[in-house]
Amino acid sequence: MKEMGIRFILMVNKQGQTRLAQYYEWLTLEERRALEGEIVRKCLARNEQQCSFVEHRNYKIVYRRYASLFFLVGVENDENELAILEFIHLLVETMDRHFGNVCELDIMFHLEKAHFMLEEMVMNGSIVETSKANILSPIQLMEKAS
Amino acid sequence: MTMHGMRGLSVFISDVRNCQNKDQERLRIDKELGNVRNRFKNEKGLTPYEKKKYVWKMLYIYMLGYDVDFGHMKAVSLISAPKYPEKQVGYIVTSCLLNENHDFLRLAINTVRNDIIGRNETFQCLALTMVGNIGGREFAESLAPDVQKLLLSSSCRPLVRKKAALCLLRLYRKNPDIVNVDGWADRMAQLLDERDLGVLTSSMSLLVALVSNNHEAYWSCLPKCVKILERLARNQDVPQEYTYYGIPSPWLQVKTMRVLQYFPTIEDPYTRRTLFEVLQRILMGTDVVKNVNKNNASHAVLFEALALVMHLDAEKEMMSQCVALLGKFIAVREPNIRYLGLENMTRMLMVTDVQEIIKRHQAQIITSLKDPDVSIRRRALDLLYGMCDVTNAKDIVEELLQYLSSADFTMREELSLKAAILAEKFAPDLSWYVDVILQLIDKAGDFISDDIWFRVVQFVTNNDDLQTYAAAKVKEYLDKPAVHETMVKVSAYILGEYSHLLARRPGCSPKEIFSLLHEKLPTVSTTTIPILLSAYAKILMHIHPPDQELQSQIWAIFNKYESCIDAEIQQRAVEYLALCQRGAPLMDILAEMPKFPERKSSLIKRAEYSEADTAEQSAIKLRSQQQTSNALVVTDQHPANGATSPISVGELSLVKVPSMITSENDTSTDLSQQNGALSNVDTQPPSADLLSDILGPLAIEGPPGATVQSEHNAISGLEGGSDAVDGSAIVPVEEQTNTVQPIGNVAERFHALCLKDSGVLYEDPYIQIGIKAEWRGHHGRLVLFLGNKNTAPVVSVQAIILTPAHLKMELSLVPDTIPPRAQVQCPLEVVNLRPSRDVAVLDFSYKFGTNMVNVKLRLPAVLNKFLQPIQVTAEEFFSQWRSLSGPPLKLQEVVRGVKPMPLPEMANLLNSFRIMICPGLDPNPNNLVASTTFYSESMRAILCLVRIETDPADRTQLRMTLASGDPTLTFELKEFIKEQLISIPTAPREAAPAPAAAQPTPQIPPNDPAAILAGLLS
């Protein structure tokens, strides 16, 4: 598939527990488990002095660590790595704007909200929206309504 | 609401979190699954809120990696809920849990459609998102028009339209025909006038997919993309919400530049100038700043700009600017930038002119090979591999060898494969090559595949002056205390064949060699023992006069293995023993192995295939396809030739039949007979596929079983096809009726294929023609891969070969129809009769829809394909050179207007045409001396000698002398080399038909239609 872009987004904590997983290509549960195991092992072993890109099988992981939480994004080999790296940061800033000082627990206990936000930002592996106000407006609308 | 409202969910999550171990977690989850299952059974009592809560629990459990095999229907049914919160959960969870082939999804299609065409914006968004994520073909068929309408509707708000754009992208991937309608390109162009950056971002992703498939239809979008890029780069009219650390949406900038990389070039001078101004600004204006995010974002844009500049093959000055930037990047502290610098330098190697500048950074790149970060080391390895050529091979390979001992295990295999390939490709002399491979085996034996040692055996066997050296070298390694098994294999083979050449050296008597080998036997596995046994038999044979003691010792070993459980070992033991006891026949059968047929290194093949495996269709890749890809070549062609099966050869791989002994020149027929004869001694399959690569079937002997040779085949250009087809009449008429434009430059593709043996010959929106060729002596076997890229069949396919007089060509049956997305393979046999530079042409036509397409393509069955490089010694060269005293066998010419290039580059060029540079023969460092053999049916092999004298003060002229035993060959080869030196195939853009026809086409024999065609096409 050409220009598939983002294949998956994972949020994993320091202990390797998955806090959020969103795939944009269909993998069976076994494949997911294997993949998450492999890349988490690879990425979590790296230190701060190493670069944010890891090659895995025939694609690339762009990752970033925030406190105890790792954000791992699987992309095609020819994806623009730095753009993805900053997209991760945009996601974190967006969550921060909503939760205020976002932390692992926010994502864990508000799984649905994290999913809503992600849905507003990425669709089928492509970026839909990068304006934080636009990303958050449906959620705010919903909260007002309830 | 959520905290309180879904308290049950929070409690469950925190319960799971508090589990002490995996077992506890499993228990808690099983309990919950039971609970949810029960609640779902009794549906009546469930409130919508409860449904919602349970569905989220399911998703959470699934996310933790536990199978949730029920309740999917519940998730889907929530889609039809009237209220937003339930509907939303239904849509989101459905797209997480189900895939496009799930039956339940079909049940929802009507609800989804109603949401899409309904008035409720938020429902529209939910439905579009789900279809965009998991919609399949059925959705594409029933929803595409509605989604298109939303995307283009002026009454729709951006929040709906941006989702419609990506939803359409999904549907388009499922069924490309949904946007293949008249006027769609114009609407896409209109869409680019959009001011809302969210809609633009999504639309740009859609455009990338459309353009990558067929850029021709979307030319009108190009200037608009440049305009968008300009608007962003100058920060004009960009809302604050879309600037990221002061940079106007870096993601949209990157995407826009990505679109531009799918257009082969930019014709319009105004647009081009505008774009280059923007790119120049980005290249020069991106500074390193303290803020990490800002820095990353601006460099994301910068790297994309670099890729675009490379793609557009900008002016030299801008290119060297790019290399300079990258050179700076690979030395910075920031690891991300270092990584990307190396990665992009590797991509840059595809651009021909910059290799020399990149070489200036070699030292820094080698340093990166020792970087603490494995990601960076990998990039450095790839780059070194890509930039290696004859001038720096020694340095680079030795660095790789040195690094091998300390490299991490995950990299060792790749590292050693690459080192082996480079050593083979660019060896300044063969003894160095042997040294490198033996060092590789010594240092990283576990990572050395059989291919690697097979190859070194092939080289040693084929080069007489290498044999003594190799034998002495392997003996040195065997003397070491710990020897890797692969080393035992290669040593046993080489010492078996050639240790008699060392017999006079101290410690190298047959007896000593035997005990050196034999002491390894207890340590090796069953795959190595047969090789040792063969070596013993050969050692025994070489002893004159016979040594009784050694003989009985070896016979005893054979005796012992006669009852071995391993069939291969047993068979060899039995046969060798029987042969030895007969005496005389042993001499014949165990005589030295004949030379191997020259063929493409299986290592290099392997490397190419692994490249093809991961080849994704990126802009850069598309561009580089002319150089490296095997896009259509999916399978390794093993001809189904019953006469020479690899199995039967493998068994007796170390002996040869008596008939070979009298045969001095080992031609392909001799060898295949030999193999054929051997296969009659067939017994049972061997235990391992030992040596099957070394002695595998010659790829081109005989026609493959599949070849249909129909006499009545009207469409295949059988022998004499040039008579049957009046080629000159077709050209001018047909050429104008073509409305389908080729993708990529046809001439460039042809030139690339003249240098390599597989790749794409031709491509347009409907069809792709790939070629894979194998050459051996005066024979060639090409396989045409005709691939239909579409979902509808291609019909009325015709392929006619216009054969020039000096070739014999036979094309197998070409089917009339190629089914959708299918690929057919058509073998084409070629025999070279005599030297000529004329070119064969494939006249190819087909019908797709209403398009009748006809193209004439030059086939890369060119002169240099019938050359075989040969290394000659100084004595051989000079005696031959002197004996060919003057015209017409030896011709000299001063060539002017040569494309200036450094001497090593010229040497590379000649090597790439299989004319082998013989270093050191000419004392003058400004001269090149080279040799090659030319194969044709009429003359068999003829040695050709070349000398080129260059003038360091004026690189545009040189004096060239050609000598061979045949006057026509001397002339043709001289002209051929001259053509390459004067105009290096930088492939001019396809000229318009008129000026092309007007170009002088010299020396076309008036009666050869193929030659006339070829002349017109060049």
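So you know, we letter chains A, B, ... as the sequences are listed, proteins then strands, and number each from 1.
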Under 4.5 Å from a heavy atom of chain A, the part of Leu98(B) involved: backbone

Contact check, side chains of Val160(B) and Cys125(B), non-hydrogen atoms, under 4.5 Å: yes

Part of Tyr244(B) lying under 4.5 Å from any heavy atom of chain A: side chain

Which answer fits Leu340(B), side chain, backbone, both or neither, if we ask what part of it has an atom under 4.5 Å from a heavy atom of chain A? side chain

If you tally heavy-atom pairs under 4.5 Å between each of Leu90(A), Leu111(A), Asn134(A) and chain B, the highest tally belongs to Leu90(A)

Residue selection (most heavy-atom pairs with chain B, distance under 4.5 Å) from Gln49(A), Lys132(A), Gln17(A), Arg33(A): Arg33(A)

Side chain, backbone, both or neither: which part of Arg338(B) has an atom under 4.5 Å from a heavy atom of chain A? neither

Sub-6.0 Å ring centroid separation between Phe329(B) and Phe303(B): yes

side-chain contact (heavy atoms from CB on, under 4.5 Å) partner of Met257(B), chosen from Leu306(B), Val301(B), Leu252(B): Val301(B)

With only heavy atoms counted, which part of Ile247(B) is less than 4.5 Å from chain A, the side chain, the backbone, both or neither? neither

Contact class of Ser249(B) relative to chain A, heavy atoms under 4.5 angstrom: side chain

Given a strict heavy-atom distance threshold of 4.5 Å, which part of Tyr245(B) is in contact with chain A: side chain, backbone, both, or neither? side chain

If you draw the axis of the six-membered ring of Phe71(A), does the NZ or CZ of Arg65(A) fall within 45° of it and under 6.0 Å from the ring centre? no

Given that the side chain runs from C-beta out, which part of Pro250(B) has a heavy atom under 4.5 Å from chain A: side chain, backbone, both or neither? neither

Using non-hydrogen atoms and a 4.5 Å limit, figure out which bit of Ser14(B) sits close to chain A: side chain, backbone, both or neither. both

What part of Gln88(B) gets closer than 4.5 Å to chain A, counting heavy atoms only: side chain, backbone, both or neither? side chain

Heavy-atom pairs under 4.5 Å with chain B: which of Leu85(A), Thr18(A), Val54(A), Leu29(A) has the most? Leu29(A)

Turns out that what part of Leu64(B) lies under 4.5 Å from chain A's heavy atoms comes down to side chain

Side-chain donor-acceptor pair present, Tyr66(A), His89(A), cut-off under 3.5 Å: yes

Where on Glu100(B) is there a heavy atom nearer than 4.5 Å to chain A: the side chain, the backbone, both, or neither? neither

Does a side chain donor of either Glu304(B) or Gln261(B) reach within less than 3.5 Å of an acceptor in the other side chain? yes

No-hydrogen, no-angle side-chain donor-acceptor test under 3.5 Å, Glu86(B) and Tyr91(B): no

